Amino acid sequence: MKPVLRIVLGDQLSDAIASLSDIDVERDVVLMAEVQAECSYVKHHAKKLVLVLSAMRHFAQSLSERGVRVEYVTLDDPDNTQSLRGEMLRAVARHRPARVVATEPGEWRLSEDMRHWQAILAEKADGQEVEIRDDTRFFARIQEFLAWARGRRSFRMEFFYRDMRRKHGFLMEGATPAGGQWNYDAENRKSLPKTIVVPATPQFPPDKITQEVMALVRQRFPNHVGSVDGFTLPVTAAQAKRTLADFIAHRLPDFGDWQDAMKTGEPVLFHALVSTSLNLGLLQPREICDAAEAAWQNGHAKLNAVEGFIRQILGWREYIRGLYWLHMPHYAEKNFLGAKRPLPEFYWTGDTAMNCLHQAITDTIDHAYAHHIQRLMITGNFALLAGLDPDAVDDWYMAVYADAYQWVEMPNTRGMALFADGGIVGSKPYAASGAYINRMSDYCKNCVYDVKDAVGERACPFNFLYWDFFKRHEKALAGNVRLAMPLKTLARMDAAKVRTMQDRAAAFLDGAYEGRKTLLF
Ligand SMILES: Cc1cc2nc3c(=O)[nH]c(=O)nc-3n(C[C@H](O)[C@H](O)[C@H](O)COP(=O)(O)OP(=O)(O)OC[C@H]3O[C@@H](n4cnc5c(N)ncnc54)[C@H](O)[C@@H]3O)c2cc1C
Ligand code: SF4
């Protein structure tokens, strides 16, 4: 009997992946391929490449150990065509399968390519059928999200999240939310006390497979951002489960309280560190939400922490994915504020006198990780205020974070951080001055700039850039009721002060692009 050729992509490393659901291990062949095209379409962080390639190799090994026939094409295989389509065609020629079965890719670019596979194979002698199955690892199928969004005037995350809570029964008491409220953010997001002790996170020293991949990445991608050294991320489902268990035991109880806080040298704080495993498929969203809910039910964690955490996975992650598929491919071109400045060099080095940016970027380069508020309110906020080109900013976020895949990176970057989508993801730009950064971090006390100053010699750049941003976009943002306050304050501000801040902003941005590290005037 002819085999079925089953394709497993690098972020589909789940036993429950749809393309394997009806596998006949006696008959079928699983194709997994490491290809240059996927490794280099942006300069992915060296640790991200190690993560994906090592996790792929471990997953292939676990399938083989269970008797599955896996055909694994390594990056340095001399016959590797270095594209997924090329490897599918080679495998089809080798095995002459009855048909090809794949799971819907997470990215538009690959999804479009896969849709052509059927036509390409139809021209060959055997003309195999290509079956592309839904990715069932999310709470909401893409079609379900599209149906939810259709005909709605406002489809904010909060309403989607409530529907998901009702449908999947998380933190529900009958038809009402546990504790009587849908959202406990009012109790969350405190600033960090000086004496806080941050729990250590699990580290997974590289085994033989990972070490081989580290050598490969070191040799083939010497110009990519970051280093393979110090790689300790989870690369198997068992390691990912240990990371989750550690988070539930030691950090979830404080997750809500310190969710938005930032501290020098502590990129993780009380965050879960599960995004890399979730996005690869080593963890499933349901098992994470089940574990968090159980921690509330058995009294280990309070409702504000557990609700805040479940909202990230059941709400934000699913909603972001839905919006990506709803708005692609046009989403990738959105630039509502007409931003066009190139990305300053310090985004790749961390070499800037602004300590908040220096810390967030250094954490990013060292670990291929920064937590949500560093991404949104430091690097994202600067990119928004400085008017950086969304394409360049997208490429940076795609490259530097180990958990970055376009379906989740792009709506967060273009939408949430840059407001380039004009209000699809968020109802207002997340613009903030130095006061917010000072309240939520310890960065300002070690900065050459004065966070309390907006016009003087040592004025914090986030302050004058903030007002310069609102002045520049006064007209475009005028109708936004959520911005009534800053716009009203700007209108009342002394005109000379506004002009000084605009001058400061222009001089600062020119200095930034001349590559000067110290940007004092
Ligand atoms: C500009 C920007 C770019 C981002 N790029 C990515 C990305 O490429 N990949 C990615 O997975 N996340 C991205 N995020 C969302 C979020 O910052 C990361 O998921 C989170 O920092 C991962 O760390 P954690 O697992 O410790 O998360 P926690 O803070 O502990 O949250 C738990 C989980 O909730 C989910 N989650 C939380 N917020 C979001 C969100 N806004 N969108 C989607 N999922 C969310 C993630 O799966 C995360 O693992 C981005 C956010 C911003 C502002
Ligand atoms: S003073 Fe301004 S630039 Fe310096 S760390 Fe604080 S917010 Fe950042």
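Keep in mind the model is a prediction, meaning the values are calculated, not measured. Atom set for the values below is all heavy atoms of this structure, side chains included, hydrogens, waters and symmetry mates excluded.
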Audit row: Trp148, Phe160, ring pair (Phe, Tyr, Trp, His ring centres under 6.0 Å) steps and yes/no: CA-CA 8 Å; Trp148 177 84; Phe160 171 74; 5.2 Å; yes

Check the pair Leu280 / Tyr405 against side-chain contact (heavy atoms from CB on, under 4.5 Å), numbers first and verdict last. CA-CA 10 Å; Leu280 283 172; Tyr405 299 86; 3.3 Å; yes

Sub-3.5 Å donor-acceptor pair from the side chain of [X] to the main-chain atoms of [Y], do we have one?
X      : Y      : answer
Glu107 : Pro105 : no
Ser19  : Ile7   : yes
Trp396 : Tyr347 : yes
Arg321 : Ala140 : yes
Tyr449 : Phe462 : no
Asn438 : Gly434 : no
His300 : Ala249 : yes
Glu307 : Tyr184 : yes
Lys47  : Ser227 : yes
Asn335 : Ala339 : yes

Sub-4.5 Å side-chain heavy-atom contact between [X] and [Y]:
X      : Y      : result
Asp134 : Ile142 : no
Val50  : Thr210 : yes
Trp296 : Leu303 : yes
Met56  : Phe59  : no

For [X] versus [Y], what's the shortest heavy-atom pair and its separation?
X      : Y      : answer
Lys263 : Leu192 : CD-CD2, 3.6 Å
Gly281 : Gln284 : O-NE2, 2.9 Å
Ala292 : Ile310 : CB-CG1, 4.0 Å
Thr413 : Asp394 : CB-OD1, 3.4 Å
Arg137 : Leu13  : NH1-N, 4.0 Å
Ala402 : Leu233 : CB-CD1, 4.1 Å

Under 30°, 30 to 60°, or over 60°: which ring-plane class applies to [X] and [Y], parallel, tilted or perpendicular?
X      : Y      : answer
Phe309 : Phe247 : tilted
His224 : His44  : tilted
Trp467 : Phe470 : tilted

Test item: side-chain donor near acceptor, [X] and [Y], under 3.5 Å:
X      : Y      : value
Asn279 : Arg317 : yes
Ser111 : Glu104 : yes
Arg439 : Ser191 : no
Arg133 : Thr103 : no
Glu34  : Tyr72  : yes
Ser62  : His58  : no

With salt bridge (Lys or Arg N to Asp or Glu O under 4.0 Å) as the test, would you mind laying out the steps for Asp421 and Lys334 before giving the verdict? CA-CA 5 Å; Asp421 65 4; Lys334 293 206 178 285; over 6 Å; no

Presence of salt bridge, [Y] and [X], under 4.0 angstrom:
X      : Y      : answer
Asp185 : Arg311 : yes
Glu144 : Lys167 : yes
Arg152 : Asp163 : yes
Arg251 : Asp246 : yes
Arg66  : Asp15  : yes

Between [X] and [Y], is the gap from one ring center to the other below 6.0 Å?
X      : Y      : answer
Phe138 : Trp407 : yes
Tyr331 : Tyr324 : no
Phe231 : Phe204 : no
Tyr401 : His45  : no
Phe270 : Phe255 : no

Anything under 3.5 Å between a donor and an acceptor, one on a side chain of residues 370-384, the other on a protein residue two or more places apart or in another chain? List them.
{"residue": "His371", "atom": "ND1", "partner": "Ile373", "partner atom": "N", "Å": "3.1"}
{"residue": "His371", "atom": "NE2", "partner": "Ala261", "partner atom": "O", "Å": "2.8"}
{"residue": "Gln374", "atom": "OE1", "partner": "His371", "partner atom": "N", "Å": "2.9"}
{"residue": "Gln374", "atom": "NE2", "partner": "Asp363", "partner atom": "OD2", "Å": "2.9"}
{"residue": "Gln374", "atom": "NE2", "partner": "Tyr443", "partner atom": "OH", "Å": "3.2"}
{"residue": "Arg375", "atom": "NE", "partner": "Ala370", "partner atom": "O", "Å": "2.7"}
{"residue": "Arg375", "atom": "NH1", "partner": "Asp403", "partner atom": "OD1", "Å": "3.1"}
{"residue": "Arg375", "atom": "NH1", "partner": "Asp403", "partner atom": "OD2", "Å": "3.4"}
{"residue": "Arg375", "atom": "NH2", "partner": "Ala370", "partner atom": "O", "Å": "3.1"}
{"residue": "Arg375", "atom": "NH2", "partner": "Asp403", "partner atom": "OD2", "Å": "2.9"}
{"residue": "Thr379", "atom": "OG1", "partner": "Gln374", "partner atom": "O", "Å": "3.3"}
{"residue": "Thr379", "atom": "OG1", "partner": "Arg375", "partner atom": "O", "Å": "3.3"}
{"residue": "Thr379", "atom": "OG1", "partner": "Tyr397", "partner atom": "OH", "Å": "2.8"}
{"residue": "Asn381", "atom": "OD1", "partner": "Ala432", "partner atom": "N", "Å": "3.1"}
{"residue": "Asn381", "atom": "ND2", "partner": "Met377", "partner atom": "O", "Å": "3.3"}
{"residue": "Asn381", "atom": "ND2", "partner": "Ala432", "partner atom": "O", "Å": "2.9"}

Cation-pi geometry met for Arg414 and Phe419 (6.0 Å, 45°): no

Step by step, work out the side-chain contact (heavy atoms from CB on, under 4.5 Å) result for Gln239 and Thr232. CA-CA 10 Å; Gln239 292 177 347; Thr232 57; over 6 Å; no

As a test of understanding, state which of Val68, Val70, Val30, Ile17 forms a side chain to side chain contact (heavy atoms under 4.5 Å, CB included) with Arg6. Val30

side-chain contact (heavy atoms from CB on, under 4.5 Å) between Asp290 and Phe170: does it pass, once the steps are laid out? CA-CA 8 Å; Asp290 282 345; Phe170 285 107; 3.3 Å; yes

Between Ser14 and Gln12, is the side-chain hydrogen bond (donor to acceptor under 3.5 Å, both in side chains) condition met? List the steps. CA-CA 6 Å; Ser14 316; Gln12 298 182 344; over 6 Å; no

Dump the intermediate steps for side-chain contact (heavy atoms from CB on, under 4.5 Å) on Ile437 and Val451, then the final yes or no. CA-CA 9 Å; Ile437 297 171; Val451 72; 6.0 Å; no

Drop me the distance from His327's NE2 to Ile424's CD1, to the nearest 0.5 angstrom. 4.0 Å

